[in-house]
Amino acid sequence: MAAKRRFQTVKGMRDLLLDEARRFAMVEQIARDAFRLYGFEELRTPLVEDTDLFVRGVGEGSEIVGKQMYTFDDKKGRSLTLRPEGTAPVARAYLQHDMASWPQPVKVFYMGPYFRYERPQAGRYRQFHQIGAEVIGDPGPYSDAELLAMLLRFLSKLLFDDLEVGLNSVGDPECRQRYCQRLREYLEPRRGELGADSQRRLETNPLRILDTKVPEERKLLEGAPRLRDSLGRAAREHFAVVCEQLERLGIAYRVDDRLVRGLDYYTRTVFEISSARLGAQNAILGGGRYDGLIGELGGPAVPGIGFAIGQDRLVELLSGGLTLVVPPVCVIPVGSHCREDALQLAEELRDAEVMAVAELASPRALKAALRKADRGGYDWIVLVGEDERAAGTAVLKSLYSGLQEAIPREGFAAAVKARMEPHE
Ligand code: HAM
C-alpha cells in the first residue's frame with residue numbers, strides 16, 4: 001500500500017510558531033499603539049483584489065506586476081490577484097468609500113499577509129507580512145517628515161539602534177521623464193556593458209537601473225547624470241523642506257541618489273530603512289509619496305504618502321531561540337471520575353486570571369501524573385481525587401518547595417492566586 005502523503009507548507013510560505021508568533025503579535029501591538037498616538041485608524045482590506053488594481057496602481061513595468069503576482073481566474077472568469085502590497089488596496093478603499101468627503105488627510109494603518117512569487121531566500125518569502133500606514137490628502141512636505149518621525153518612534157520602541165534611513169526624491173513625472181531621457185542618452189552608447197536585466201530596463205524603466213546590485217554596472221553609473229539635477233523647482237523645494245524638518249526633529253538620514261524604489265507609483269519623497277544585520281535583503285521597510293496614484297485609479301488628484309515594514313524581517317532582527325511559555329499551574333485529576341473536577345477548577349483559576357492548563361486527556365495514576373507534571377516545567381500543580389472531592393477540597397503543591405496543602409474548594413482560585421504572588 002502506498003504511504004500516505006505528509007503535507008508541508010507551500011514553498012516560500014511558513015508556519016509561525018511559539019516565540020515567533022508571539023513576537024509577531026507583540027510587534028503588531030506596539031505598532032497599533034504607536035500609530036494611534038498619531039491619529040491613525042486601522043483599515044483591513046481583503047486579501048484578494050481585481051488584478052487590474054495592481055496593474056494600474058503598481059504599474060505594468062514593475063517586477064511585482066511583471067513577474068511576482070499570484071493571479072488566477074475565479075469560476076466566472078474574473079481575473080483576481082492575491083494582494084502583493086497594500087497601497088493600491090488602500091487607494092481603492094479611499095475611492096470606494098468616498099473618503100475624500102472625510103476630514104483630510106485620511107490616516108490609516110494596516111497589517112497582514114501579502115503575496116509575491118519571488119525566489120525564496122533568507123528574509124524573503126512568498127507569503128510575507130507587512131505593517132504599513134498611509135496618509136492620503138496632504139501634499140506635504142511636513143507630513144512626510146511626521147510620517148518618518150512616527151516610523152522611527154515605533155522602531156525605537158523595539159530598541160533598534162543600528163538603522164539607516166535612506167532618503168531621496170524621484171520628483172514629479174515630468175522630472176522623471178526628463179531624467180530617464182538623460183540616463184538613456186548616457187547608457188545607450190554603453191549598452192554592451194549592461195547585463196540582460198538592465199538592457200531590458202533601458203527600454204521599459206531606465207530609473208530602475210539605478211538600484212542595480214551588479215558591481216560593474218554600479219561603476220558605470222558613477223559617471224551617470226544625477227536624478228537630483230533633473231528635479232523641477234517644486235520637487236526640489238519639497239525635498240528641501242522634508243530634509244530640513246527631519247533635521248529639526250533630530251532624525252538622522254542619508255540622501256541616497258540611487259534610491260528609486262521598485263513600484264511605479266512613487267513621486268517626490270522616497271525612503272527605505274535598512275539594518276546592516278540583515279545582509280543582502282536588508283531593507284526592513286520602504287515607502288514614499290504617490291501623488292498620482294489615486295488619479296491613476298480614476299479618482300481626483302489626491303496626494304498620498306506611506307510606508308510598509310517587512311514584518312518578517314523586523315521580527316527576525318528581534319529573534320533569539322524558541323521557547324515554550326509554560327503556564328504556572330497544572331491541574332491534575334487523580335482517577336477518571338475527577339476529570340470534571342479538574343475541568344471546573346481550571347476554569348475557576350482562569351476566572352481569577354491565573355494561567356492554567358488541565359490534564360484532561362486520560363486519567364493517570366497519581367505517580368504517573370506527578371512525573372509528567374514534574375517534567376512539564378510548572379511552578380504549581382493542583383490535584384483533585386476522590387478523597388478531595390469527598391472533603392470539598394483540592395491539593396495545591398509547590399514544585400519549588402515540594403510543600404503541599406489541602407485548600408477548600410470554596411474560594412480555591414483566590415487562595416491559589418494569593419500563594420502565587422511571592423513567586424512573581
Ligand atoms: P515594498 O518595498 O515593495 O513597498 O515592500 C515593503 C517592505 O516589505 C520591504 O522593505 C520588505 O521589508 C518587505 N518585503 C517585500 N517583499 C518581501 C518578501 N517577498 N518577503 C519578505 N519581506 C518582503 C511596498 O510594498 C509599498 N506598498 C510601501 C508603501 C506604502 N509605499 C507607500 N505606502
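Every number for a ligand or one of its atoms is a count from 1 in the order of the listing. One-based numbering along the sequence shown.
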Worksheet, complete the sentence: Atoms of ligand 1 under 4.0 Å from any heavy atom of L285, numbered from 1 in the order shown, are 10 (O)
Worksheet item: Would you call the rings of F40 and F35 parallel, tilted or perpendicular if under 30° counts as parallel and over 60° as perpendicular?
Response: tilted
Practice prompt. Taking only heavy atoms of G123 into account, list the atoms of ligand 1 that are under 4.0 Å away from them.
Written response: 20 (N), 21 (C), 22 (N)
Worksheet item: Can you find an N/O atom of Y290 closer than 3.5 Å to an N/O atom of ligand 1?
Response: no
Item to complete: State whether the shortest distance between N or O atoms of E85 and N or O atoms of ligand 1 falls below 3.5 angstrom.
Response: yes
Worksheet item: Could you go step by step and tell me if T87 and Y265 meet the side chain to side chain donor-acceptor pair (under 3.5 Å) rule?
Response: CA-CA 10 Å; T87 310; Y265 48 60; 3.1 Å; yes
Worksheet item: What do you reckon, does Y110 have a nitrogen or oxygen under 3.5 Å from a nitrogen or oxygen of ligand 1?
Response: no
Worksheet item: Which heavy atom of the protein is the closest neighbour of atom 7 (C) of ligand 1, given with residue, atom name and distance?
Response: A308 O, 3.5 Å
Worksheet item: Of all the heavy atoms in Y266, does at least one lie under 4.0 Å from an atom in ligand 1?
Response: yes
Worksheet item: Would R124 count as a cation-pi partner of F128, with NZ or CZ less than 6.0 Å from the six-membered ring centre and within 45° of the ring normal?
Response: no
Discussion item. I want to check something: taking the side chain as every heavy atom from C-beta on, are P300 and L95 in contact at a cut-off of under 4.5 Å?
Written reply: yes
Discussion item. Check this for me: does any side-chain nitrogen of one of D52 and R56 sit under 4.0 Å from a carboxylate oxygen of the other?
Written reply: no
Worksheet entry | Spacing of E20 atom CD and L318 atom CG [to the nearest 0.5 Å] | 10.0 Å
Fill in: Nitrogen or oxygen atoms of Y125 and ligand 1 under 3.5 Å apart
yes
Response to the item:
For L263, the ligand 1 atoms with a heavy-atom partner under 4.0 Å come out as 3 (O), 4 (O)
Practice prompt. Could you list the atoms of ligand 1 found under 4.0 angstrom from a heavy atom of F307?
Written response: 29 (C), 30 (C), 32 (C), 33 (N)
Worksheet item: Within a reach of under 6.0 Å around CD of Q344, are more than 12 heavy atoms found that belong to other residues, nucleotides or ligands?
Response: no
Discussion item. Does only the side chain of R261 get under 4.0 Å from ligand 1, or the backbone, or both, or neither? Count heavy atoms.
Written reply: side chain
Worksheet item: Under 6.0 Å from the CD atom of Q177, do we count more than 12 heavy atoms belonging to anything else shown?
Response: no
Worksheet item: When you measure from atom 23 (C) of ligand 1 to every protein heavy atom, which one gives the shortest distance, and what is it?
Response: F128 CD1, 3.4 Å
Discussion item. Just verifying a value: how many Å separate T81 OG1 and Y70 OH, rounded to the nearest 0.5 Å?
Written reply: 12.0 Å
Response to the item:
Quick note on ligand 1: atoms under 4.0 Å from a heavy atom of G287 include exactly 31 (N)
Worksheet item: When you measure from atom 19 (N) of ligand 1 to each heavy atom in R116, Q311, E118, which option holds the nearest one?
Response: E118
Discussion item. At under 4.0 Å between heavy atoms, is it the side chain or the backbone of E134 that contacts ligand 1, or both, or neither?
Written reply: side chain
Fill in: pair Y253-C243: side-chain heavy atoms closer than 4.5 Å
yes
Worksheet, complete the sentence: protein heavy-atom neighbour closest to atom 13 (C) of ligand 1 works out as G310 CA, 3.5 Å
Worksheet item: More than 12 non-hydrogen atoms from neighbouring residues, nucleotides or ligands closer than 6.0 Å to CD on E60, yes or no?
Response: no
Practice prompt. Any chance you could measure E348, atom CD, to F412, atom CZ, to the nearest 0.5 Å?
Written response: 8.5 Å
Discussion item. With a cutoff of 4.0 Å, is G262 in contact with ligand 1, counting heavy atoms of the residue only?
Written reply: no
Practice prompt. Any chance you could lay out the side chain to side chain donor-acceptor pair (under 3.5 Å) test for D264 and S62, step after step, and finish with the verdict?
Written response: CA-CA 6 Å; D264 290 355; S62 67; 5.0 Å; no
Worksheet entry | Salt bridge present between E217 and R208 (N-O < 4.0 angstrom) | no
Practice prompt. Run the numbers for me: atoms of ligand 1, each under 4.0 Å from some heavy atom of I284, listed by number.
Written response: 10 (O), 12 (O)
Worksheet item: Which part of R313 is near ligand 1, with near meaning a heavy atom under 4.0 Å away: side chain, backbone, both or neither?
Response: side chain
Worksheet item: To the nearest 0.1 Å, how far is atom 5 (O) of ligand 1 from its closest protein heavy atom, and which atom is that?
Response: Q130 NE2, 3.2 Å
Discussion item. So if I count the atoms of ligand 1 from 1 in the order they appear, which ones are less than 4.0 Å from some heavy atom of G286?
Written reply: 10 (O), 28 (C), 29 (C)
Item to complete: Looking only at distances, please establish whether an N/O atom of ligand 1 is found under 3.5 Å from an N/O atom of A283.
Response: yes
Item to complete: Looking only at protein heavy atoms, identify the closest one to atom 30 (C) of ligand 1 and say how far it is in Å.
Response: T87 OG1, 2.9 Å
Worksheet entry | Contact atoms of ligand 1, heavy-atom distance to R124 under 4.0 Å | 18 (C), 19 (N), 20 (N), 21 (C)
Worksheet item: Where's the contact between Y265 and ligand 1, heavy-atom distance under 4.0 Å: side chain, backbone, both or neither?
Response: side chain
Item to complete: Quickly, which of H238, R268, Q245 forms a side chain to side chain donor-acceptor pair (under 3.5 Å) with D144? Name it, please.
Response: H238
